[in-house]
Amino acid sequence: MQVPVVSLAAPEAEAAAVLRRACIEDGFFYLTDHGIPEELVAQTFEQQRAFFSLPLQDKMRIAANKAYRGYTPFADETLDPQHSKRGDTHEGLYYGRHVDEDSEEGKLPLHGPNQWPDEALLPGYRRVTEAYWQAVRQLGGRLLRLLALSLGLPADYFAPYFTQPMLFLRPLHYSAEKSDVSDGLFGAGAHTDYGMLTFLRTDGEPGLQICTDGATWRDVLPIPGAFIVNLGDMLCRWTNGLYRSTLHRVVNTTGRERYSCAYFFEPNFDARVEALPQCLEPGEEPKFLPTTAGAHILERYNATHAGYGAATAS
Ligand SMILES: O=C(O)CCC(=O)C(=O)O
Ligand SMILES: [Fe+2]
């Protein structure tokens, strides 16, 4: 069974209703009529392909810094340490919102300057990647409004939480190595996303699977032109468990390489995350302790990126 399609061309109330059901039942949906030109998406993938084709030493020149910006080599990440024998078969990159190192904000964890590959090596890379980053940022803002409506909140409810948002674009390259589920080898091990919303595009190769019943995995195949959007643990926490953060993984069954681009759309570092009254029955106690977006995300990053930053701290 396919996950639902939320169209931004539909009347708002209708789209919000489809979104609500998708968030409660699947925690995943396709987002269509989003307005981001396919040409920009295609150029973004072309540029990421070019980056990942560089020799390792060139990629390592921008190895991820302590603000989680830059390159992460193959097997650096193990998303499901319990069931994995070795690291996941992908390499990746993180680009956040640019923050000056010597600004007040730059002192916060997860905040700092991006690291870009040399323009001479990859002409146009930065321009295209930044354009895509901005486009998805705007799309995220549109979806936040629909999300608020879907929860019975005013459309601009989440806006004050996103004045200095944590936004991470994460291009990924999966090697051609086939996964071995029974022997603990994955493109990306089973995990839930940490944050609020994830906007994913892929190159059309299959691999993404979700588990909503605690037992079976179903494929979420790419639909041309659509984003695959999923909810993370922070939004689950914010909605007191009403909206699902669904377990997912990437399994390589084709023996082919795969490229994807995730975009993690998170609130301000100090945004307070606690159960929305709209999600509590009368007299119901919140299921989770209140937290902040920053504390929540840091806790999760540190658990999945072994020794990250320590070896590469700049
Ligand atoms: O590459 C994909 O399809 C999914 C990536 C993913 O789940 C993640 O980066 O959190
Ligand atoms: Fe994920």
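Note that this is a predicted model, so its numbers are computed, not measured. Counting convention: from 1, in listed order, for ligands and their atoms alike.
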Original post:
When you check the side-chain N and O atoms of His90 and Asp76, is any donor under 3.5 Å from an acceptor?
Top reply: no
Subject >> Which of the ligand 1 atoms, numbered from 1, are nearer than 4.0 Å to a heavy atom of His248 >> reply: 7 (O)
**OP:** Please find the N/O/S atom of Asp193 nearest to the Fe ion (ligand 2) and write down its name.
**Re:** OD1
Original post:
What do you reckon, does His90 put a non-hydrogen atom under 4.0 Å from ligand 1?
Top reply: no
Original post:
Got the closest protein heavy atom to atom 5 (C) of ligand 1, with its distance?
Top reply: Tyr174 OH, 3.5 Å
Original post:
Taking non-hydrogen atoms only, is Tyr194 closer than 4.0 angstrom to ligand 1 via side chain, backbone, both or neither?
Top reply: neither
Original post:
Quick one: do the Thr212 and Asp26 side chains pair a donor with an acceptor below 3.5 Å?
Top reply: no
Subject >> side-chain contact (heavy atoms from CB on, under 4.5 Å) between Asn252 and Glu205, intermediate numbers included >> reply: CA-CA 9 Å; Asn252 182 332; Glu205 289 289 341; over 6 Å; no
Original post:
Is the closest basic N to carboxylate O distance between Asp156 and Arg145 below 4.0 Å?
Top reply: no
Subject >> Of Phe265, Phe227, Phe199, the residue whose pairing with Leu143 passes side chain to side chain contact (heavy atoms under 4.5 Å, CB included) >> reply: Phe199
**OP:** Run the numbers for me: atoms of ligand 1, each under 4.0 Å from some heavy atom of Leu172, listed by number.
**Re:** 5 (C), 9 (O)
Original post:
Is ligand 1 under 4.0 Å from a heavy atom in the side chain of Thr198, in the backbone, in both, or in neither?
Top reply: neither
Subject >> Mutual orientation of the aromatic rings belonging to Phe158 and Phe162 [parallel < 30°, tilted 30-60°, perpendicular > 60°] >> reply: perpendicular
Original post:
Has ligand 1 got any nitrogen or oxygen that is less than 3.5 angstrom from a nitrogen or oxygen of Thr202?
Top reply: no
Original post:
Quick one: does ligand 1 sit under 4.0 Å from the side chain of Leu200, the backbone, both or neither, non-hydrogen atoms only?
Top reply: side chain
**OP:** Verify whether one side chain among Asn114 and Glu130 offers a donor that lies under 3.5 Å from an acceptor in the other.
**Re:** no
Subject >> atom 8 (C) of ligand 1 [closest protein heavy-atom partner, distance rounded to 0.1 Å] >> reply: His191 NE2, 3.8 Å
Original post:
Which bit of Leu79 is near ligand 1, meaning a heavy atom under 4.0 Å away: side chain, backbone, both or neither?
Top reply: neither
Original post:
Arg258: heavy atom below 4.0 Å from ligand 1, yes or no?
Top reply: yes
Original post:
What atoms of ligand 1 come closer than 4.0 angstrom to any heavy atom of Ser260?
Top reply: 1 (O), 2 (C)
Subject >> Per-atom contacts of ligand 1 with Val250, taking only distances under 4.0 Å to non-hydrogen atoms >> reply: 1 (O), 2 (C), 3 (O), 4 (C)
Original post:
Hey, what's the ring geometry for Tyr263 with Trp133, parallel, tilted or perpendicular (30° and 60° as the breaks)?
Top reply: tilted
Original post:
Is the Trp116-Phe51 ring centre distance short of 6.0 angstrom?
Top reply: no
